[in-house]
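Okay, structure first, notes after.
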Amino acid sequence: MPELPEVETIRRGLEKRIVGKTIADIDVRFPKTFVGSKSKVEGSKIKSVERRAKVLAVKLNNGGNLLFHLKMTGQLIYIDRNDKRFAGGHPDHNWHAKLPNSTTAVIFNFNDGTHLFFNDMRKFGWCKVLTDEQLNKIFTDEYGPEPFDKNFTVEYLMQRAAKIPNRKIKQFLTDQTIIAGIGNIYADELLFDARISPLRKVSEMNKSEWKKVIASTIKILNLAIKHGGTTDSDFVNADGEKGGMQDYLKVYRKSGSNCPGDCGGKVIRITVGGRGTHYCPVCQQ
DNA sequence: CTATCTGTTCTGAC
DNA sequence: TGTCAGAACAGATA
(Lines give C-alpha, C1' and ligand atoms only; values in the text may rest on other atoms or scores of the structure.)
Protein backbone atom coordinates (compact mmCIF):
# COMPACT_ATOMS: atom_id res chain seq x y z
CA MET A 1 0.00 0.00 0.00
CA PRO A 2 2.26 2.76 1.09
CA GLU A 3 4.32 4.76 -1.37
CA LEU A 4 7.35 6.88 -0.58
CA PRO A 5 5.60 9.52 1.59
CA GLU A 6 3.77 6.93 3.68
CA VAL A 7 6.86 4.79 4.17
CA GLU A 8 8.85 7.89 5.10
CA THR A 9 6.18 8.84 7.66
CA ILE A 10 6.38 5.37 9.18
CA ARG A 11 10.17 5.55 9.18
CA ARG A 12 10.21 8.80 11.11
CA GLY A 13 7.76 7.48 13.67
CA LEU A 14 9.61 4.23 14.19
CA GLU A 15 12.99 5.92 14.34
CA LYS A 16 11.92 7.94 17.35
CA ARG A 17 10.65 4.85 19.13
CA ILE A 18 12.83 1.83 18.43
CA VAL A 19 16.40 3.04 17.83
CA GLY A 20 18.60 1.82 20.68
CA LYS A 21 16.29 -1.04 21.65
CA THR A 22 17.37 -4.65 21.80
CA ILE A 23 15.28 -7.29 20.06
CA ALA A 24 14.74 -9.94 22.74
CA ASP A 25 12.90 -12.41 20.54
CA ILE A 26 10.81 -12.76 17.40
CA ASP A 27 7.49 -14.59 17.11
CA VAL A 28 6.81 -15.64 13.51
CA ARG A 29 3.12 -16.35 12.88
CA PHE A 30 3.20 -16.47 9.06
CA PRO A 31 6.38 -18.25 7.99
CA LYS A 32 6.26 -16.98 4.41
CA THR A 33 6.33 -13.38 5.66
CA PHE A 34 9.64 -13.76 7.53
CA VAL A 35 12.55 -14.72 5.27
CA GLY A 36 15.79 -15.71 6.98
CA SER A 37 16.97 -16.85 10.36
CA LYS A 38 15.58 -15.08 13.40
CA SER A 39 18.55 -16.24 15.48
CA LYS A 40 20.69 -13.79 13.47
CA VAL A 41 18.53 -10.97 14.77
CA GLU A 42 17.57 -11.90 18.32
CA GLY A 43 19.80 -10.25 20.90
CA SER A 44 20.95 -7.47 18.58
CA LYS A 45 20.41 -3.77 19.02
CA ILE A 46 18.72 -1.37 16.58
CA LYS A 47 21.12 1.20 15.15
CA SER A 48 18.88 3.09 12.75
CA VAL A 49 15.73 2.97 10.63
CA GLU A 50 16.23 3.86 6.98
CA ARG A 51 14.13 4.09 3.85
CA ARG A 52 14.88 3.35 0.20
CA ALA A 53 12.01 3.52 -2.30
CA LYS A 54 9.04 1.91 -0.55
CA VAL A 55 11.07 -0.38 1.71
CA LEU A 56 12.18 0.14 5.30
CA ALA A 57 15.53 -1.10 6.57
CA VAL A 58 16.10 -1.59 10.29
CA LYS A 59 19.88 -1.67 10.76
CA LEU A 60 21.32 -3.74 13.59
CA ASN A 61 24.55 -3.46 15.55
CA ASN A 62 25.69 -6.96 14.54
CA GLY A 63 25.96 -6.28 10.81
CA GLY A 64 22.47 -7.58 10.18
CA ASN A 65 19.39 -5.83 8.82
CA LEU A 66 15.65 -6.31 8.72
CA LEU A 67 14.20 -5.19 5.40
CA PHE A 68 10.41 -4.64 5.29
CA HIS A 69 8.07 -4.31 2.35
CA LEU A 70 4.45 -3.68 3.36
CA LYS A 71 3.06 -4.18 -0.18
CA MET A 72 -0.68 -3.47 -0.24
CA THR A 73 -1.97 -4.46 3.17
CA GLY A 74 1.00 -4.54 5.55
CA GLN A 75 0.92 -2.62 8.83
CA LEU A 76 3.61 -1.89 11.39
CA ILE A 77 2.29 -1.16 14.88
CA TYR A 78 4.51 -0.21 17.77
CA ILE A 79 3.08 -0.59 21.28
CA ASP A 80 4.71 0.76 24.41
CA ARG A 81 4.22 -0.49 27.97
CA ASN A 82 1.16 1.73 28.43
CA ASP A 83 -0.44 0.44 25.22
CA LYS A 84 0.24 3.76 23.48
CA ARG A 85 0.51 2.96 19.79
CA PHE A 86 2.15 4.22 16.67
CA ALA A 87 0.99 2.57 13.48
CA GLY A 88 1.51 2.91 9.77
CA GLY A 89 0.45 1.09 6.65
CA HIS A 90 -2.86 -0.31 5.50
CA PRO A 91 -5.66 1.56 7.30
CA ASP A 92 -8.18 -0.54 9.14
CA HIS A 93 -9.77 -0.66 12.52
CA ASN A 94 -7.66 -3.32 14.16
CA TRP A 95 -4.96 -0.76 14.88
CA HIS A 96 -6.83 0.06 18.03
CA ALA A 97 -7.93 -3.51 18.73
CA LYS A 98 -6.26 -6.23 20.69
CA LEU A 99 -3.02 -7.61 19.28
CA PRO A 100 -1.97 -10.02 18.02
CA ASN A 101 -4.92 -10.69 15.73
CA SER A 102 -5.61 -13.02 12.80
CA THR A 103 -3.52 -10.87 10.45
CA THR A 104 -0.44 -10.68 12.66
CA ALA A 105 2.49 -12.11 10.70
CA VAL A 106 5.50 -11.34 12.91
CA ILE A 107 5.95 -9.93 16.43
CA PHE A 108 9.21 -8.31 17.54
CA ASN A 109 9.51 -8.27 21.32
CA PHE A 110 11.99 -5.76 22.74
CA ASN A 111 13.79 -6.30 26.00
CA ASP A 112 12.11 -3.29 27.62
CA GLY A 113 8.65 -4.80 27.33
CA THR A 114 7.58 -2.92 24.17
CA HIS A 115 6.58 -4.60 20.90
CA LEU A 116 6.45 -4.14 17.15
CA PHE A 117 3.67 -5.99 15.31
CA PHE A 118 3.85 -6.68 11.57
CA ASN A 119 0.31 -7.36 10.35
CA ASP A 120 -0.60 -8.26 6.77
CA MET A 121 -4.05 -9.29 5.67
CA ARG A 122 -3.14 -10.39 2.16
CA LYS A 123 0.31 -11.72 3.02
CA PHE A 124 2.04 -10.01 0.08
CA GLY A 125 4.44 -8.15 2.33
CA TRP A 126 7.68 -9.53 3.72
CA CYS A 127 10.46 -9.02 6.20
CA LYS A 128 13.90 -10.29 5.18
CA VAL A 129 17.01 -10.82 7.27
CA LEU A 130 20.00 -9.51 5.29
CA THR A 131 23.65 -8.73 5.79
CA ASP A 132 24.93 -5.21 5.13
CA GLU A 133 26.40 -6.44 1.85
CA GLN A 134 23.17 -8.00 0.68
CA LEU A 135 21.22 -4.90 1.63
CA ASN A 136 23.61 -2.56 -0.17
CA LYS A 137 23.48 -4.70 -3.28
CA ILE A 138 19.68 -4.62 -3.36
CA PHE A 139 19.64 -0.87 -2.81
CA THR A 140 22.14 -0.32 -5.60
CA ASP A 141 20.93 -2.84 -8.16
CA GLU A 142 17.16 -2.93 -7.83
CA TYR A 143 16.18 0.70 -7.47
CA GLY A 144 16.64 3.89 -9.46
CA PRO A 145 17.51 7.20 -7.82
CA GLU A 146 15.42 8.61 -5.00
CA PRO A 147 13.31 11.56 -6.19
CA PHE A 148 15.18 13.87 -3.79
CA ASP A 149 18.59 12.67 -4.98
CA LYS A 150 20.87 14.81 -7.11
CA ASN A 151 21.03 12.00 -9.68
CA PHE A 152 17.33 12.45 -10.46
CA THR A 153 17.87 14.68 -13.48
CA VAL A 154 16.42 15.40 -16.91
CA GLU A 155 19.51 13.85 -18.51
CA TYR A 156 19.06 10.64 -16.53
CA LEU A 157 15.34 10.35 -17.35
CA MET A 158 15.91 10.98 -21.06
CA GLN A 159 18.67 8.42 -21.16
CA ARG A 160 16.43 5.76 -19.55
CA ALA A 161 13.49 6.79 -21.75
CA ALA A 162 15.56 6.42 -24.92
CA LYS A 163 15.78 2.67 -24.31
CA ILE A 164 12.03 2.18 -23.95
CA PRO A 165 10.53 4.83 -26.24
CA ASN A 166 7.07 3.28 -26.41
CA ARG A 167 6.55 3.10 -22.67
CA LYS A 168 3.73 5.30 -21.37
CA ILE A 169 4.87 7.95 -18.93
CA LYS A 170 2.73 6.63 -16.09
CA GLN A 171 4.30 3.17 -16.32
CA PHE A 172 7.72 4.73 -16.66
CA LEU A 173 7.29 6.75 -13.47
CA THR A 174 6.08 3.81 -11.39
CA ASP A 175 8.95 1.54 -12.47
CA GLN A 176 11.05 1.22 -9.31
CA THR A 177 14.21 0.49 -11.30
CA ILE A 178 13.86 3.91 -12.94
CA ILE A 179 12.69 6.06 -10.00
CA ALA A 180 12.36 4.83 -6.44
CA GLY A 181 9.15 5.22 -4.50
CA ILE A 182 6.43 6.45 -6.88
CA GLY A 183 3.24 4.38 -6.89
CA ASN A 184 -0.22 4.66 -8.33
CA ILE A 185 -1.52 7.60 -6.29
CA TYR A 186 1.40 9.93 -6.71
CA ALA A 187 1.97 9.07 -10.37
CA ASP A 188 -1.56 10.28 -11.12
CA GLU A 189 -1.17 13.34 -8.91
CA LEU A 190 2.20 14.45 -10.22
CA LEU A 191 1.11 13.99 -13.85
CA PHE A 192 -1.87 16.22 -13.18
CA ASP A 193 0.39 18.76 -11.54
CA ALA A 194 2.64 18.69 -14.62
CA ARG A 195 -0.43 18.70 -16.96
CA ILE A 196 0.88 15.68 -18.85
CA SER A 197 -1.33 12.79 -19.94
CA PRO A 198 -0.53 9.43 -18.34
CA LEU A 199 -0.81 7.92 -21.82
CA ARG A 200 1.99 10.00 -23.32
CA LYS A 201 4.83 7.94 -24.75
CA VAL A 202 8.14 8.80 -23.19
CA SER A 203 9.65 9.29 -26.66
CA GLU A 204 7.20 12.16 -27.15
CA MET A 205 8.28 14.14 -24.11
CA ASN A 206 10.41 17.22 -24.60
CA LYS A 207 13.04 18.53 -22.26
CA SER A 208 10.88 21.15 -20.60
CA GLU A 209 8.22 18.52 -19.93
CA TRP A 210 10.76 16.28 -18.25
CA LYS A 211 11.74 19.27 -16.14
CA LYS A 212 8.11 19.72 -15.18
CA VAL A 213 7.88 16.02 -14.26
CA ILE A 214 10.83 16.37 -11.91
CA ALA A 215 9.52 19.57 -10.34
CA SER A 216 6.02 18.10 -9.87
CA THR A 217 7.38 14.86 -8.43
CA ILE A 218 9.38 16.70 -5.79
CA LYS A 219 6.54 19.12 -5.07
CA ILE A 220 3.84 16.45 -4.67
CA LEU A 221 5.99 14.05 -2.63
CA ASN A 222 7.09 16.85 -0.30
CA LEU A 223 3.50 17.94 0.17
CA ALA A 224 2.48 14.36 0.97
CA ILE A 225 5.32 13.87 3.46
CA LYS A 226 4.39 17.16 5.11
CA HIS A 227 0.85 15.88 5.61
CA GLY A 228 1.95 12.48 6.85
CA GLY A 229 0.89 10.54 3.77
CA THR A 230 -2.44 9.67 2.19
CA THR A 231 -5.34 8.02 4.02
CA ASP A 232 -5.43 7.77 7.77
CA SER A 233 -2.51 5.44 7.43
CA ASP A 234 -0.53 6.71 10.38
CA PHE A 235 -1.30 7.77 13.88
CA VAL A 236 0.85 8.44 16.86
CA ASN A 237 -1.59 7.84 19.67
CA ALA A 238 -5.19 7.01 20.40
CA ASP A 239 -6.14 10.63 19.80
CA GLY A 240 -5.25 10.57 16.16
CA GLU A 241 -2.57 12.48 14.29
CA LYS A 242 -3.50 10.83 11.04
CA GLY A 243 -2.14 11.31 7.56
CA GLY A 244 -3.97 14.11 5.81
CA MET A 245 -2.76 14.05 2.22
CA GLN A 246 -6.08 12.59 1.03
CA ASP A 247 -7.55 16.09 1.45
CA TYR A 248 -5.07 17.42 -1.10
CA LEU A 249 -5.46 14.81 -3.85
CA LYS A 250 -6.72 16.38 -7.05
CA VAL A 251 -7.42 13.54 -9.46
CA TYR A 252 -6.76 10.21 -7.75
CA ARG A 253 -10.14 8.49 -7.30
CA LYS A 254 -11.93 11.66 -8.38
CA SER A 255 -13.42 10.39 -11.63
CA GLY A 256 -16.58 12.25 -12.58
CA SER A 257 -15.67 15.45 -10.78
CA ASN A 258 -14.80 18.71 -12.51
CA CYS A 259 -11.15 19.22 -13.33
CA PRO A 260 -9.53 21.03 -10.42
CA GLY A 261 -7.55 23.04 -12.96
CA ASP A 262 -10.77 24.80 -14.05
CA CYS A 263 -10.25 23.87 -17.67
CA GLY A 264 -13.88 22.84 -17.99
CA GLY A 265 -13.03 19.15 -18.33
CA LYS A 266 -13.91 16.27 -16.07
CA VAL A 267 -11.61 13.78 -14.40
CA ILE A 268 -11.94 10.30 -15.91
CA ARG A 269 -10.68 6.86 -14.96
CA ILE A 270 -8.93 4.60 -17.45
CA THR A 271 -6.60 1.63 -17.15
CA VAL A 272 -2.90 2.06 -17.92
CA GLY A 273 -0.62 -0.91 -17.56
CA GLY A 274 -3.31 -2.69 -15.62
CA ARG A 275 -3.62 0.06 -13.04
CA GLY A 276 -6.54 2.38 -12.41
CA THR A 277 -5.50 5.79 -13.71
CA HIS A 278 -7.20 9.12 -13.13
CA TYR A 279 -6.67 12.24 -15.19
CA CYS A 280 -8.23 15.16 -17.02
CA PRO A 281 -8.16 14.50 -20.80
CA VAL A 282 -8.73 18.19 -21.53
CA CYS A 283 -5.78 19.82 -19.81
CA GLN A 284 -3.45 16.82 -19.57
CA GLN A 285 -2.16 16.21 -23.08
C1' DC B 1 -25.29 -13.70 -5.96
C1' DT B 2 -21.89 -11.90 -9.37
C1' DA B 3 -18.56 -8.89 -10.98
C1' DT B 4 -15.12 -5.70 -10.13
C1' DC B 5 -12.34 -2.92 -7.41
C1' DT B 6 -7.90 -2.20 -4.41
C1' DG B 7 -2.26 1.83 -2.40
C1' DT B 8 2.56 -3.76 -5.09
C1' DT B 9 5.56 -6.50 -7.54
C1' DC B 10 7.01 -10.75 -9.67
C1' DT B 11 6.68 -14.46 -13.18
C1' DG B 12 5.80 -16.67 -17.37
C1' DA B 13 3.81 -16.70 -22.06
C1' DC B 14 3.82 -14.69 -26.47
C1' DT C 1 13.28 -7.67 -25.67
C1' DG C 2 8.97 -5.51 -24.67
C1' DT C 3 4.26 -6.17 -23.29
C1' DC C 4 0.59 -8.18 -21.06
C1' DA C 5 -2.19 -11.22 -18.24
C1' DG C 6 -2.21 -13.54 -14.16
C1' DA C 7 -0.63 -14.73 -9.62
C1' DA C 8 0.35 -14.11 -4.67
C1' DC C 9 -4.28 -13.20 -1.17
C1' DA C 10 -8.39 -11.20 1.32
C1' DG C 11 -11.33 -8.39 1.63
C1' DA C 12 -14.79 -4.13 0.25
C1' DT C 13 -18.00 -2.27 -2.85
C1' DA C 14 -21.88 -1.82 -6.57
Side-chain angles (χ1 to χ4, degrees), chain A residues 1-10 29-35 51-56 67-76 87-95 97 101-105 118-128 138-139 141-144 160-191 198-199 201-203 220-221 224-225 227-234 242-256 268-278:
Chain A
M1 165 254 167
E3 304 180 37
L4 188 152
E6 290 77 31
V7 178
E8 179 61 22
T9 302
I10 298 169
R29 304 290 184 101
F30 299 160
K32 74 163 278 210
T33 304
F34 191 84
V35 182
R51 181 195 58 74
R52 175 94 166 90
K54 303 172 189 170
V55 297
L56 275 179
L67 187 65
F68 292 87
H69 199 312
L70 301 182
K71 295 290 181 93
M72 297 189 48
T73 56
Q75 308 172 306
L76 284 171
H90 182 66
D92 70 13
H93 301 298
N94 62 31
W95 278 347
N101 62 35
S102 63
T103 71
T104 301
F118 182 12
N119 292 344
D120 191 3
M121 186 176 70
R122 288 170 73 172
K123 302 185 180 117
F124 292 176
W126 41 252
C127 171
K128 293 177 182 171
I138 289 170
F139 279 4
D141 294 355
E142 298 184 13
Y143 297 104
R160 293 295 299 259
K163 292 177 193 156
I164 40 173
N166 292 322
R167 190 70 54 91
K168 298 179 181 82
I169 183 67
K170 162 133 184 194
Q171 293 169 281
F172 182 87
L173 293 172
T174 52
D175 184 334
Q176 300 303 297
T177 69
I178 297 175
I179 307 158
I182 298 174
N184 211 32
I185 296 178
Y186 297 114
D188 284 5
E189 291 296 317
L190 81 88
L191 284 170
L199 296 169
K201 286 184 178 185
V202 293
S203 61
I220 295 291
L221 293 180
I225 290 171
H227 291 291
T230 295
T231 76
D232 31 4
S233 63
D234 305 277
K242 296 178 173 181
M245 183 62 190
Q246 61 276 12
D247 298 335
Y248 298 86
L249 298 180
K250 295 194 167 165
V251 291
Y252 183 76
R253 284 192 164 171
K254 304 277 188 207
S255 38
I268 61 167
R269 182 185 185 280
I270 59 172
T271 299
V272 179
R275 314 302 308 280
T277 297
H278 315 74

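Throughout, protein chains are lettered first and strands after them, A, B, ... in sequence-line order, and every chain is numbered starting at 1. Here the structure is a predicted model, which is why all the values come from computation and not from measurement.
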Discussion item. Work out how far the P atom of C:dG2 is from that of B:dG7, and round it to whole angstrom.
Written reply: 26 Å

Worksheet entry | Spacing between A:Arg167 atom CZ and C:dC4 atom C1', to the nearest angstrom | 11 Å

Worksheet item: A:Arg275 near the nucleic acid: base, sugar-phosphate alone, or nothing, with a heavy-atom cut-off under 4.0 Å?
Response: base

Item to complete: Would you mind classifying the nucleic acid contact of A:Lys163 as base, sugar-phosphate or nothing, using non-hydrogen atoms under 4.0 angstrom?
Response: sugar-phosphate

Discussion item. If the cut-off is 4.0 Å, is A:His69 near the phosphate of B:dT8, judged by side-chain N/O to OP1 or OP2?
Written reply: no

Worksheet item: Is the A:Phe118 ring parallel, tilted or perpendicular to the A:Phe68 ring (thresholds 30°, 60°)?
Response: perpendicular

Response to the item:
Between CG of A:Leu56 and C1' of B:dT8 the distance, given in whole Å, is 15 Å

Discussion item. Heavy atoms only, 4.0 Å cut-off, all strands: where does A:Gly276 land among base, sugar-phosphate and nothing?
Written reply: sugar-phosphate

Response to the item:
Taken to the nearest whole Å, CG/A:Leu70 to P/C:dC9 is 18 Å

Response to the item:
note: A:Arg253, atom CZ; C:dT13, atom P; distance rounded to Å ~ 10 Å

Worksheet entry | Euclidean distance, atom CG of residue A:Leu173 to atom C1' of B:dG7 [Å, nearest integer] | 16 Å

Worksheet item: When all nucleic acid strands are considered with a 4.0 Å heavy-atom cut-off, which category describes A:Asp120: base, sugar-phosphate, or nothing?
Response: nothing

